[in-house]
Structures are given as C-alpha cells and as structure tokens.
Amino acid sequence: MKYRIIRCQSSSSSSSSSSTLTSLDTIVPIVSFMLQFLCLGTLSVLNSRQHAHAFSVSREIKFNDRLKKLVSQGNLHQARSKRNGERDRSRYNDRRSEMNGAQYAESVLMQALAEYDASRLTENVGKLAMRPNHFSFGIIISGYAKIGDWEGAESILLKMEHLYNDGNHNWLKPDVVKYTNVIKALARSLQQRKSINISSKKKSEKVVKRAESLLERMESSRDPHQFPNTLTYSAMIDLYAKTGNAKKALGILDKMELSERSGNSNVKPNEITYNACLNALAKGGESDGPEQAKKLLRRMEIAYKQGNRHVKPSIITYSTVMGLYARYKKPFEAENILLDALGKYKNGENNEQPDCVMYNTAISAWSKSSHQDAPLRAEKLVKIMIDEGYPNPNTVTYNSLIDAWSRSYINSDGSSIGASRAEEILSKMEHEFMRDRDTCIKPDSRTYTSLIDALAKSRHIGSARKAEVILRRMKRAFEVGNESAKPTKFSYSALIYAWAKSGEPGAAQRAESLLRETERLGKDLKPFTQTYDAVIDAYAREGNYEKAENIFNEMLIQYLGGDCDVEPSVRSYNKVLSSYSNNVDINDSLIARAQAFLAKWNAQRKEGKIHVQPNFVSATILIRMFSKKHSLEGAEGAERILKYMQTRYNAGDIGMKPVRSGSTHSLNRILSLYKQVLDMYQAGDQTMKPSKTFYNLIIEACLTKSDEDFFVEKAYDVIIEMFGDKLTVPQRSLCERVGEALQKSSIDQKEERIAKIDSMRRSIVYQ
C-alpha cells in the first residue's frame with residue numbers, strides 16, 4: 001500500500017487531478033474497512049468480557065442461594081447425593097447426619113473456594129471456577145448465629161480474616177455485619193444454654209468476655225467498614241440482657257447516645273436498642289429496676305417528641321415496663337403505665353392502642369397484690385376493655401380476674417366473698433363460649449383450678465363440697481369437647497387443699513381418698529409434692545401426727561426410690577411438725593417425738609438424701625409446743641430453740657433468722673408465758689422464780705420485733721425487772737441493745753427511759 005502511494009506521488013507533474021482522485025478513492029475504502037475490522041474486534045472482546053462477568057455473577061448468586069437453602073433447611077445434601085449417583089447416597093447421608101445445616105453449608109463453601117483457588121493456577125482464564133464472595137461467608141456466619149453456635153460463627157470470621165490477610169483474597173475483608181452476627185451468635189448461645197438447662201456462670205462469663213473482646217477490636221479498627229453500628233451495640237445489649245447485667249447494658253446505651261451527640265449517626269439508638277435495655281432491667285433483678293425502666297421509657301418519649309422517629313415507644317416497650325412493676329408487686333404503677341399509653345392513643349400521640357397483653361399484665365399485677373381493693377381495680381380494667389371495644393377480654397384476662405378474687409379477704413370474720421364472684425365469672429365464660437363458640441374466652445384448666453382455689457380460701461361452710469362440684473363441671477366440659485378443660489394434677493391438689501382447710505368432720509379422710517384416686521387415674525394425674533403436702537396438712541390441722549407421719553413416709557420412700565416428682569419440701573416437713581403442735585395433748589413424749597423428727601431431718605440432709613433444711617418456721621413450731629406447757633421447763637425449752645436459731649443464723653443460715661413477719665403470734669405467747677411465771681412467783685411460788693436466762697429469752701424475743709413500739713416497751717419493762725435482783729442483772733451489751741431499740745422507737749419519754757437504764761447500769765460494777 002505504501003509502495004503504491006509513493007508511486008502515485010512520484011508520477012510526473014503532468015498527471016491530471018483526476019488520476020489523483022482515483023488513487024484516493026482506492027485507499028479510503030481500504031482504510032475504512034481496516035478501522036471497522038478493528039472496532040468490531042474490540043467490541044467483540046468487550047462483549048465477551050461483559051458476558052463472562054455476568055455469567056460469573058449469576059453463578060455466585062445461584063451458589064449463595066444454595067447456601068441459604070442449606071443453612072435454613074439443613075437436608076439438601078440429597079442434591080449432591082443425586083449428582084454423585086445412588087451408590088454414594090448412604091455415604092453422604094451418614095456424613096450429613098453428623099452435621100447441622102450451617103456446618104454442611106460451610107463444607108460446601110470451603111470446597112468451592114478450594115476449587116476456585118486451584119483454577120487460578122491454570123493459564124486458561126476462561127475456565128476459572130466459581131468464586132465465593134463475602135456474602136457467601138456472611139450466610140454461613142448468619143446461619144451459625146441463628147442456632148447460637150458462636151464457635152462456628154467465630155471460626156468463619158477468623159477464616160475470612162486469614163484469607164484476606166494472605167493477600168490473595170482481597171474481596172473477603174470482613175465488615176461490620178460479619179462481626180455483628182458473631183456477637184448475635186454469642187448472645188443466642190446464652191439463650192440456647194438456658195433453654196436446655198446447662199448454663200453456668202462460668203460459661204456465661206466466657207461468652208461475655210468473647211463478645212467484649214470482639215467489640216473492642218471493632219472499636220479500635222482503622223477500617224471504617226468495621227466500626228460498630230446501632231445493630232452491633234444492640235446485639236451487645238441483648239447479650240448483657242441475657243446475663244442479667246443491666247448496668248453494662250445501660251452503659252452501652254450511654255456510650256451510643258454520647259457518640260451520637262458527637263456526630264456519629266451510625267450508632268443512633270433505636271426502639272430495638274431501648275427495648276433490649278428494658279429486657280436487661282427485667283432480667284437483672286435490681287430493686288430499682290422498675291424505676292429505671294420508667295426513666296428509660298420517658299427518655300424514649302422525649303427523644304421521639306424531639307424528632308427521633310426511630311425510638312417511638314411501642315406496645316412491647318410499654319408491656320415490658322408494666323411487667324417489671326407487676327413482678328415487684330406494684331400494681332398502681334403498672335396500671336398507670338397502661339392508662340398513660342391509652343391516653344396517648346386517644347390524644348393522637350401514639351397510633352398503637354394498648355393490646356390484650358398490656359391489660360392482662362396490669363390485671364395480673366392486681367391479682368398478685370394483697371391490696372384490699374385489688375379485685376375491684378382488676379374489674380375496673382376489664383370494664384375499660386369492654387367499653388373501649390378493643391381489645392376483647394380473653395381467657396387469660398378472666399383467669400387473672402378470678403385469681404384476684406380468690407385472694408380477696410373482705411369480711412370481718414376473715415371469710416371471702418371472692419369465691420362467689422369467681423364462680424359468676426366462670427359461668428359467664430361458659431355461657432359465652434357455648435353460645436358463640438368463641439375460643440378466645442374458652443374456660444381452661446387454670447380457670448376451673450383457680451375457682452377451686454378460691455373456694456379453698458373462702459372458709460365458707462360447704463366450700464370443699466362446692467369445689468368438688470366445680471371439678472365435676474370441669475370433667476363434663478372436657479367430655480363435651482373443651483379439650484382445654486381437662487383436669488390436671490393441680491386441680492386435684494387444689495381440691496385436696498379445699499378439704500384440708502374446710503374444717504369439716506372427716507375432711508382429712510376425704511383428702512386422702514382423693515389422693516388415692518389420683519394414684520389410680522394414671523400418669524397425667526400422678527400425685528406430686530403439693531398433693532401429698534395437702535393431705536399432710538389436712539391431718540396436721542386435726543393434730544393426727546401418726547397419719548401425717550404415714551403420708552410423709554410414703555412420700556419420702558417414693559422419692560428415695562427415684563421419683564423426683566414427690567421430693568419432700570420444707571413445707572412437707574413443717575406440716576408434720578405442725579401435726580405434733582396441733583395435738584390437744586402436748587406432753588414431754590410428744591415434744592421428744594417432734595425433736596426426734598427434726599433430728600432425723602437434719603441427719604437426712606447431712607447424708608445428702610434430701611436438699612432442704614429446717615428454717616425459722618420449723619423452730620417456731622417447736623417454740624409454740626414448749627409454750628403450751630405453761631411451765632418454767634417449757635420456757636427453758638423455748639429458750640434453747642431460740643438460741644439454736646441464733647447460732648444457726650450467726651453461722652450463715654439466713655433461713656434461721658427470727659424474722660419479724662409472722663412471729664407476732666409466737667411473741668405474744670412468750671409474753672403470756674412470762675406473765676404467768678411472774679404471777680406465780682409473786683404469789684409465793686419460789687420454784688417459779690425467773691432466772692437470768694429466762695429474762696434474756698424474753699428480751700431477745702421482743703427485740704426481734706424492734707420496729708414495733710409495743711415489744712420495745714416490753715423489753716424495757718423486763719430489763720428493769722432484771723435490775724431488781726443481783727442474780728439477774730443484765731449484761732452491758734443487752735442494755736445497750738434495748739437502749740438502741742428505744743432510741744429508734746416513737747415511745748413517749750424514751751430519752752428518760754434510756755437514761756434510767758444507763759443510770760442503773762452504771763450503779764452496777766460489772767465483772
């Protein structure tokens with residue numbers, strides 16, 4: 001071509017212009033053809049590369065979809081078995097049976113990565129194997145997180161870090177999502193351990209330290225793609241919540257809020273974050289937990305009003321705070337949270353109307369309250385539900401309402417009107433269920449059992465027989481198709497207690513016959529500890545200690561034979577002790593029998609046969625037995641028991657502390673005994689002269705109720721009486737303790753009384 005052009009240019013100058021144009025016409029098409037050829041070749045190469053890339057992306061997407069199916073279903077090894085033929089099916093099935101879905105997906109991922117790395121060593125780029133991407137690894141980590149396998153999740157994360165650091169896999173750098181999912185796996189592992197009852201403090205501490213170490217690595221990272229975000233911190237708070245560490249959970253929240261104020265919008269707390277903190281408070285068990293939860297709720301409300309739409313308190317938020325108040329038996333506060341949420345809904349501040357869970361939580365709080373108006377307050381909340389039209393009361397609502405009435409003691413004689421109202425509620429539920437077949441208010445076994453329990457507590461004549469009628473109604477409801485009304489062992493246990501507390505002639509025998517009936521009815525109604533306790537209680541109320549012992553021994557033999565459902569409780573032992581105390585003839589042999597039973601109890605505990613030990617109730621029962629003897633010997637015996645309690649308490653047995661609640665009756669008996677002994681001595685019976693030990697017993701007993709002025713004043717009277725005889729002069733420490741009790745009391749002229757004790761004490765020369 002070049003030669004022809006030169007030839008054209010070297011032709012004589014006499015050549016015409018037409019010959020020159022002819023030469024150009026020949027060259028231009030050739031050049032144009034060559035340019036088109038080059039362009040088409042370039043486009044062909046580009047198209048082939050785009051096609052190859054698209055094909056590669058498509059393979060990655062399909063591969064990741066396969067991993068997702070493996071993780072979620074965990075049995076897709078069969079696809080691989082089909083590909084390898086029927087002869088290999090059993091081999092893969094055996095392998096898969098030893099692995100969960102995430103583990104099998106991991107093996108598939110690692111094999112794909114190995115195949116890709118091997119294909120890179122060949123010179124043929126077009127035959128590269130499918131390349132797993134970072135999403136593939138994320139799927140496996142997420143799969144492990146869902147089943148709480150933090151070790152599996154962490155191992156994948158470490159593999160990603162290792163592959164990225166070797167310089168050959170720069171597309172596998174872990175990001176914040178991968179680290180966050182490992183923390184979620186750690187949190188979920190605590191939940192899994194708890195569900196199968198193998199969690200221990202040591203294992204929990206290990207998990208928490210792992211998570212804290214991982215979070216610290218993220219916070220100190222130089223890569224902004226690995227910095228913690230809202231989800232990371234929320235997962236960490238969830239982990240602290242599962243360990244009950246509310247303090248650290250709230251510390252994370254404070255850190256997030258501080259970082260947000262500094263301009264980091266990636267850690268802005270949201271509703272999930274605050275709810276996780278509320279869960280931490282709910283599981284923490286701190287006494288100020290409800291108040292802290294309420295403050296947290298107010299912080300959410302303020303932040304929402306200021307424009308943070310991600311922290312709008314939800315029904316779950318309000319329910320959690322209410323649940324905390326209900327747990328700590330603060331029904332007024334729980335109700336106020338409910339009414340506040342209802343008010344916000346009516347005012348348009350919140351578009352979520354309180355649901356059944358919120359109402360049921362508040363009603364349940366009242367059902368567990370000892371407040372006199374508790375059942376009426378619960379009724380009021382049910383009326384609000386009905387008046388509002390949403391939500392409709394359900395079975396749980398009415399069960400809680402029946403519980404509230406079963407605990408009500410309104411009449412002056414101590415009897416309850418709750419049982420009759422509870423029966424009205426049950427009748428209403430039965431009527432509406434039969435009329436509309438509305439399963440939302442279908443009476444269940446708890447409904448009937450709660451009514452039987454209400455009758456047991458009513459103290460009305462004939463209440464036990466009425467409870468039997470309710471049990472028959474329960475059986476009939478079950479027979480006509482209400483499967484939820486099937487009688488349970490708890491139903492029979494409540495009925496036996498109804499007979500035990502009835503006080504009717506033959507009540508204990510009827511209670512025992514019901515026990516024998518449950519033994520015959522089968523496994524579902526098999527007697528358990530509470531059933532036997534109810535029968536023992538029935539005989540104990542009659543003072544029939546021989547029968548009480550027989551039932552207890554029957555229970556103990558079964559337990560020692562391996563039946564853990566009938567393990568004797570502290571209540572079981574104390575009811576047997578009560579059978580001695582309630583006997584009409586308290587004599588030395590009966591007291592010796594009670595003490596022998598207590599000694600046998602202690603021996604069984606030391607031998608490891610049982611796991612419960614005597615408590616202050618056990619000791620108080622023996623003190624009551626001694627006090628019934630109305631003699632100095634009885635007083636000395638009561639003093640020995642009191643000293644035994646004090647010794648055990650000082651040794652660290654808090655169950656033996658002479659508690660203030662419930663000890664007033666015993667104290668009044670001791671003071672009555674003191675007055676009788678003093679009257680007999682002052683009447684001339686020198687054998688009844690009170691000893692120093694006897695006086696000490698009376699004062700020690702009174703000081704256990706030092707928050708009540710009546711008993712403090714009695715302690716003062718006794719210690720002044722002791723100064724009247726040189727043989728009974730009180731010790732300095734005892735004088736000081738009585739003085740301290742006087743100082744804290746609101747008794748008139750307490751300063752003068754303290755000064756009198758001090759003056760009399762100083763007049764004595766202590767050895």
Side-chain angles (χ1 to χ4, degrees), residues 364 366-370 372 374-375 378 398-427 429 443-475 477 485-518 525 527-544 547-548 551 569 571-572 574-575 578-579 582 662:
S364 177
W366 281 116
S367 73
K368 296 171 184 175
S369 169
S370 58
Q372 186 176 3
Y398 287 117
N399 285 349
S400 296
L401 186 57
I402 291 174
D403 283 341
W405 280 109
S406 72
R407 289 180 170 86
S408 62
Y409 292 91
I410 298 177
N411 296 335
S412 58
D413 62 352
S415 63
S416 169
I417 64 172
S420 59
R421 176 56 186 147
E423 188 173 1
E424 290 175 8
I425 296 169
L426 172 62
S427 298
M429 294 176 70
D444 58 13
S445 59
R446 184 185 168 187
T447 314
Y448 290 97
T449 302
S450 296
L451 177 54
I452 294 172
D453 188 50
L455 288 165
K457 294 174 181 176
S458 67
R459 303 184 186 182
H460 290 162
I461 297 174
S463 59
R465 299 183 186 281
K466 202 165 190 178
E468 289 217 34
V469 173
I470 299 300
L471 183 65
R472 286 197 290 271
R473 278 171 66 178
M474 186 179 185
K475 291 178 180 178
K486 183 178 181 180
T488 66
K489 58 184 180 181
F490 300 103
S491 310
Y492 278 91
S493 179
L495 178 58
I496 292 172
Y497 264 118
W499 277 107
K501 295 176 181 179
S502 67
E504 295 185 23
Q509 288 74 19
R510 179 55 185 154
E512 185 177 357
S513 68
L514 287 169
L515 170 67
R516 303 308 172 198
E517 182 180 343
T518 60
L525 297 175
F528 63 115
T529 299
Q530 292 180 16
T531 317
Y532 283 98
D533 284 353
V535 180
I536 294 171
D537 183 45
Y539 282 117
R541 289 172 184 270
E542 295 180 357
N544 192 338
K547 275 287 190 178
I551 298 296
S569 63
R571 182 184 178 88
S572 310
N574 286 340
K575 285 301 177 184
S578 295
S579 69
N582 293 336

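Bear in mind the structure is a predicted one, so any value in this text is a computation, not a measurement.
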*asked:* The test is side chain to side chain donor-acceptor pair (under 3.5 Å); show your working for Arg510 and Ser513 and say whether it passes.
replied: CA-CA 5 Å; Arg510 179 55 185 154; Ser513 68; 3.0 Å; yes

*Show your working on side chain to side chain contact (heavy atoms under 4.5 Å, CB included) between Trp499 and Glu504 and close with a plain yes or no.*
CA-CA 8 Å; Trp499 277 107; Glu504 295 185 23; 3.7 Å; yes

*Would you sort out whether Ser427 and Arg473 count as a side chain to side chain contact (heavy atoms under 4.5 Å, CB included), showing the intermediate values?*
CA-CA 11 Å; Ser427 298; Arg473 278 171 66 178; 3.7 Å; yes

*side chain to side chain contact (heavy atoms under 4.5 Å, CB included) between Tyr497 and Asp537, intermediate numbers included*: CA-CA 8 Å; Tyr497 264 118; Asp537 183 45; 3.8 Å; yes

*Do Glu512 and Ile551 pass the side chain to side chain contact (heavy atoms under 4.5 Å, CB included) test, and can you show the C-alpha distance, the side-chain angles, and the key distance before you say yes or no?*
CA-CA 9 Å; Glu512 185 177 357; Ile551 298 296; 3.9 Å; yes

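Summarising the geometry of Ala485 relative to Pro443, their closest heavy-atom pair is CB-O, 4.1 Å, with the distance given to 0.1 Å. Pro487 and Leu471 get closest at one heavy-atom pair: CB-CD1, 4.3 Å. Pairing each heavy atom of Ile496 with each of Ala534, the nearest pair is CG2-CB, 3.3 Å. Closest heavy-atom contact between Ala540 and Lys575: CB-O, 3.3 Å. The heavy-atom pair separating Ala456 from Ala498 by the smallest distance is CB-CA, 3.5 Å.
Contact check on Glu424 versus Arg421 returns a salt bridge, with a Lys/Arg side-chain nitrogen under 4.0 Å from an Asp/Glu carboxylate oxygen.
Within the 4.5 Å cutoff, the side chain of Glu542 has no heavy atoms near those of the Lys547 side chain. Annotation: side chain of Asn399 is in contact with side chain of Asp444 (closest heavy-atom distance under 4.5 Å).
No donor-acceptor pair closer than 3.5 Å links the side chain of Asp453 to the backbone N or O of Ala494. For the pair Ser493 (side chain) and Phe490 (backbone), a donor-acceptor distance under 3.5 Å is absent. At distances below 3.5 Å, at least one donor-acceptor pair connects side-chain atoms of Ser367 with backbone N or O atoms of Ser364.
Atom-to-atom distance recorded for Tyr532:OH and Ser572:OG is 11.5 Å, nearest 0.5 angstrom. Once rounded to the nearest 0.5 Å, the distance linking CD1 of Ile452 with OG of Ser445 reads 10.0 Å. Residue Thr531 holds its OG1 atom at 9.5 Å from CG of Leu525, rounded to the nearest 0.5 Å. Expressed to the nearest 0.5 Å, how far OG of Ser578 lies from CZ of Arg541 amounts to 9.0 Å. Leu514 contributes atom CG, which lies 8.0 Å from atom OH of Tyr492 (distance to the nearest 0.5 angstrom). Expressed to the nearest 0.5 Å, how far CG of Leu495 lies from OG1 of Thr449 amounts to 10.0 Å.
Remark: of the listed residues Ile402, Leu426, Leu401, Ile402 is the sole one forming a side-chain contact (heavy atoms from CB on, under 4.5 Å) with Ser450.
The side chain to side chain donor-acceptor pair (under 3.5 Å) search around Arg446 returns Asp403, not counting sequence neighbours.
Counting non-hydrogen atoms of neighbouring residues, nucleotides and ligands closer than 6.0 angstrom, the CZ atom of Arg465 reaches no more than 12 such neighbours.
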